[in-house]
Amino acid sequence: MAGLELLSDQGFRIDGRRVHELRKIQCRLGVFSQADGSAYIEQGNTKVLAAIRGSKQKTLHDKVLVNCQYSMATFSTGERKRRPRGDRKSQEMTMHLRQTFDAAILTNLYPRSQIDIFVEVLQSDGGNYCASVNAATLALIDAGIPLKDYVCACSASFVNDSPIVDINYLEESSGKPEIIVATLPKSEQIVFLEMNSRLHEDNLSKVVDTAVKGCKDVYQILDTAVRDHVSQVATVHGWEN
Amino acid sequence: MLTTKTFIKKTKKGGILKIVREHYLRDDITCGSEICEKCDNKSARPLQENPVNKSDVCKSPHYLIPDTNVVLHQIDVLEDSAIQNVIILQTVLDEVRHRSAPGYKRLKDALYNPDKHFYTFYTYVERQPGETANDRNDRAIREGVKWYHNHLSSKKMSVVLVTNDAENKRKASEEGLNVFTIHEYVKSLRDSSSLVDRLAQSGQNVSYRDKVEFPEHLSLSVIQKGIKSGKYVQGSYMASRENYLEAYVSVHDGDKMIFIQGHMNLNRAIHSDIVAVEMLPEDEWSCPSSLVLEEKEEKVDEENIEMEDEKVKKRKIPKELQQPTGRIVGIIKRNWRQYCGIIRPSTTRHLVIPAERRIPRIRIETRQAADLASQRIVVAIDSWPRNSRYPNGHFVKKLGTIGDKETENEVLLLEHDVPHSNFSEAVLSCLPKLPWVITEEDMKHRQDLRHIDVCSVDPPGCTDIDDALHCRELENGNLERIDMVPELLSSNLCSLRCDVDRFAFSTLWEMTHDAEVVKVWFTKSVIFSRASLTYAEAQMRIDDKSMNDNITKSLRHLNKLAKILKRNRISNGETNSMVEEFMLLANVYTAKKTLEEFPDCAMLRRHPSPPPSNFDPLIKAAESKGFKMDVSCGKALADSLEKAVIPADPYFNTMLRIMATRCMMQAVYSDIIVHRLLAVCIGADASYPSLTDKHKTQTLCNNLNYRHKMAQYAGRASVNLHTHNALQILIPKYGLEGTLRVHRHVVKQYSPVFHRVIVQISIDQSNVQHLKLSIKLVEPVIPGFSVAPAKKEEEEDGPPRKKVKT
């Protein structure tokens, strides 16, 4: 039975966090100058880079076309990754990201144009989707694209009768249920929800609530980062007051 | 919100996989002491302000911090109520978890017990280059002690590190910490005599007088290499119940059994250990001696065990009887538990004879030997050194006086691993408070069937009445049958006693008079049993034409339906088969329903078709009397059993049936789980997560099956039927079954399968541990073996008649 004890009796997870604690989040906006907008985020050991590029496009006459490209660096996982993009998982992730941001971007403001969102996972330790969404949100903000709200994503699982938030790779691969939620924190609207493995119906709302709460915590951090960034840029350009 | 520092742990696993994990170090962990003012007051503080202090080596009030080996080996001491206010460092907890699952469980129990005042504390030190994991852990423990030492020194509270590791102890005292070995500490406690006995003796060098030298066990890494290369095989060790010099090892992958014989080859393995076996060359293969061989009291220490081994080897084994034989080269995992036994006092070290025959005697050291001589005691094994004939252990607890009914019961339960301790607080709190009344809330989900005249039919003296029946005529001419089973638990609350309201689970059928089921439905209900009848009473009511009340009428209806239902099988429709028939019907319908709704997790108690080989003894026995048994299917077997009757010998058929039952294996399911599933099916209950978890259901089933099996073993202490030097004897008069030890030539001479014999029975009290039914043959007379008939009076009762089989 000497398997992993995901949650100790004292209420600590394997990496020392308590059930409701997020991993350490660090982020920066405007990391590239060529792209229209860019951001870098670290959620624990998951590190993601996102960049935005806008362009003219003819297909949709009434709204903007949101296009995504998700890829994982070959060095991002424990074992060398064969195909950085284009495999099934990446395709699925790309689609999910596109759907998420289609719902959050005020698409009708930019008819006949296209917004490309490039997401690159540099290091993966669970919660790739969440970090990608959070990074892309920051990049979109950096690019100045109007959004309904920040899109914040967070995962949650259910271990020993208690929900745990922001699960890392170890917790993800334990076979326990996993719920991934992307929300618009102010209106508490869920724009994306995915679940893996089996979870009893009675516990579903508890886990979703935990994940939504996690999203709000993420929002606080992202918002602070954005404000810091803006005030910094303002100082550089002498826009104060 | 986060006050963390990120560290990175790098581990290499398998080949070149690099694992990078975060490790958040916290600064919000409190010391857990009531005395402390520095830490956050809101968190739990189990460590007392004034710990009871009885130690002479450390006079000031103190907390204990044991190291891993102390916890692993001396858990019996730590569990004692005299040891309180202990800090278990997380380093220790983790190590214990990796090294011993039962040890971890017991430690956790202690941590949960609020009276023990145990607390878990965390320390983290980084492993230094060149430092082994063990050294790192020792250092982490010392760091923890040091932290507490500084943290609490202003409060005049000291901490004591308890370690038996000399190096660790030296380093700790160099750092100015209080440090003792567990032996020093326990011996310094006032009134500690009982606690000293519980100290495990491991780590202490004792010289033995025994002239033995077992082969050394191989190290784990050598074993693992050997297993990979196929040189050794891994398996679980199963000692023979009959012969202490023989054992089998059941190989883990595959059905192979490896035979092991002789002290040196058994090499200190103990029943249920996981061992590594090396096969012997084929010309040394052996076979079980088919002799019942018990360790004799007299020859304990003195006899050289090599001599015993020689004796065993001398036997010539015919080629065709040889079985794959091996010898044990190492122990992969000890599966020692605590053993019940009785003590045989001698001067200093005493031998404990375990109640379980498959366990060797255990040598313990105690000062209370005289006191314990009349007691059943529990001991634990600590080690088995190479130069000792017996394993070393220590005393754990007394159970009570030998022969005392309570004590003996407890021994039986303990030895068969039937949990019997009182229910925990948590369990009891789930039960409704007494006096128990039905509330409005309850009635909401239940159908009130109290107006119906229900009755139960059970064997006389039955306390857990578990099914009640009813049958009434409906307006449309059909019959409505109701069958109830109580919910959960047995006895008072749930036993369907008469004249009280009880919750039940009801199955209702609408049937035609020809017993065709028109409709079936299930419901939770409240019932009111009008009468609890015995089979005989019920039969009387049915037969008594003058009785015409509702219950009797419904019984008659039921009986009629039962007869129809059973017509295709046996048609004599006794009352008890009436109840059976309806329970069967209920089970079938329940199974159908649950399977429909929960294909993944429906459970059913089934009687799997036993492998044909199981029936071999039955077939042979029947053949000896000229009957042929057809065991191809249940029905064929029943038919052939039906036919096998010797008119002059009414017990012959009974005997055969008993044997047939023995040949079958049974599995069991839990009524409770099925009830719950059914409740979910009908929407009366919300399902709960673990109910629908397939794996949990599986483990639950395994556990149930195991418990059931063990309970059966506990119920009958049976002797292996396959010995060649014993006869099984059934004494119908007393419903007893016993073993008659005979010489092989006697068996050959008389071949007495199903013979009537006359025997003399008495209780053999020579071994208090295993009271035995002693059986002596009276007739047929075999010179030099049978005994003269006993007093005349027994004859007057009609001589007890028996049959035997080999």
Side-chain angles (χ1 to χ4, degrees), chain A residues 1-5 8-18 20-26 42-47 75-80 123-126 158 160-161 165-166 168-171 173 175-177 197-204 206-207 213-214 216-218 220-221 224, chain B residues 1-29 32 43-44 88 90 93-102 104-105 107-109 111-112 119-122 124 333 600 680 686-696:
Chain A
M1 73 132 260
L4 283 172
E5 198 173 44
S8 76
D9 295 328
Q10 288 74 29
F12 296 114
R13 295 203 243 161
I14 284 180
D15 58 5
R17 286 184 286 159
R18 290 189 193 275
H20 56 84
E21 286 174 349
L22 297 177
R23 288 176 286 178
K24 183 169 187 158
I25 297 182
Q26 283 178 310
E42 282 180 15
Q43 288 188 242
N45 273 333
T46 302
K47 300 178 181 182
F75 51 82
S76 61
T77 49
E79 274 174 324
R80 188 195 154 92
Q123 189 171 307
S124 162
D125 186 29
F158 194 74
N160 293 2
D161 285 335
V165 76
D166 190 17
N168 63 23
Y169 177 71
L170 205 63
E171 291 162 333
S173 48
K176 292 278 184 288
S197 177
R198 271 160 55 116
L199 176 66
H200 196 271
E201 194 187 340
D202 293 1
N203 301 321
L204 180 68
K206 275 189 256 173
V207 182
K213 172 79 176 41
K216 282 190 173 168
D217 294 338
V218 171
Q220 291 300 330
I221 296 163
T224 319
Chain B
M1 189 183 96
L2 267 179
T3 46
T4 57
K5 227 165 112 193
T6 309
F7 273 76
I8 286 170
K9 268 203 287 194
K10 288 175 190 160
T11 36
K12 287 215 168 79
K13 188 176 161 194
I16 358 116
L17 196 65
K18 184 162 120 192
I19 295 173
V20 183
R21 281 182 202 160
E22 285 176 291
H23 197 88
Y24 289 86
L25 296 185
R26 314 192 64 93
D27 57 6
D28 62 348
I29 291 172
S43 48
I88 302 292
Q90 184 233 4
L93 199 63
D94 279 353
E95 267 194 287
V96 171
R97 192 166 79 90
H98 283 122
R99 286 171 55 183
S100 155
Y104 180 62
K105 200 186 160 289
L107 183 60
K108 257 169 70 168
D109 286 344
L111 280 167
Y112 274 125
Y119 182 70
T120 329
F121 187 73
Y122 297 78
Y124 181 82
K333 188 167 177 282
D600 272 355
V680 177
S687 88
Y688 58 98
S690 49
L691 184 64
T692 50
D693 186 328
K694 204 168 167 181
H695 294 288
K696 280 202 180 154

- So, for B:E22 and A:D15, which heavy atoms are closest and what is the spacing to 0.1 Å? O-CB, 3.3 Å

- Is it the side chain or the backbone of A:S8 that comes within 4.5 Å of chain B heavy atoms, both, or neither? side chain

- Message: Quick check against the 3.5 Å criterion: does B:Y24 have a side-chain atom that pairs as donor or acceptor with the backbone of A:K24?
- Response: yes

- Item | A:D9: partners by salt bridge (charged side-chain N to carboxylate O under 4.0 Å, His left out), with sequence neighbours left out | B:K108

- Query: Using non-hydrogen atoms only, which part of A:R13 is less than 4.5 Å away from chain B: side chain, backbone, both, or neither?
  - Reply: neither

- Message: Taking OH in B:Y119 as the centre, count heavy atoms belonging to other residues, nucleotides or ligands within less than 6.0 Å. Is the count above 12?
- Response: yes

- Partners passing salt bridge (charged side-chain N to carboxylate O under 4.0 Å, His left out) against B:K105 (at least two apart in sequence or in another chain): B:D109

- Using a cut-off of under 4.5 Å on heavy-atom pairs, state which of B:D94, B:L111, B:T120 scores highest against chain A. B:T120

- Message: Would you say that more than 12 heavy atoms from the other residues, nucleotides or ligands in this model lie under 6.0 Å from the NZ of A:K213, or not?
- Response: no

- Message: Using heavy-atom distances under 4.5 Å, tell me whether A:L199 contacts chain B through its side chain, its backbone, both, or neither.
- Response: neither

- Query: What's the spacing between A:F12 CZ and B:R26 CZ if we round to 0.5 Å?
  - Reply: 5.0 Å

- Hey, what do you get for CG (B:L93) to CD (A:Q10), rounding to the nearest 0.5 Å? 6.0 Å

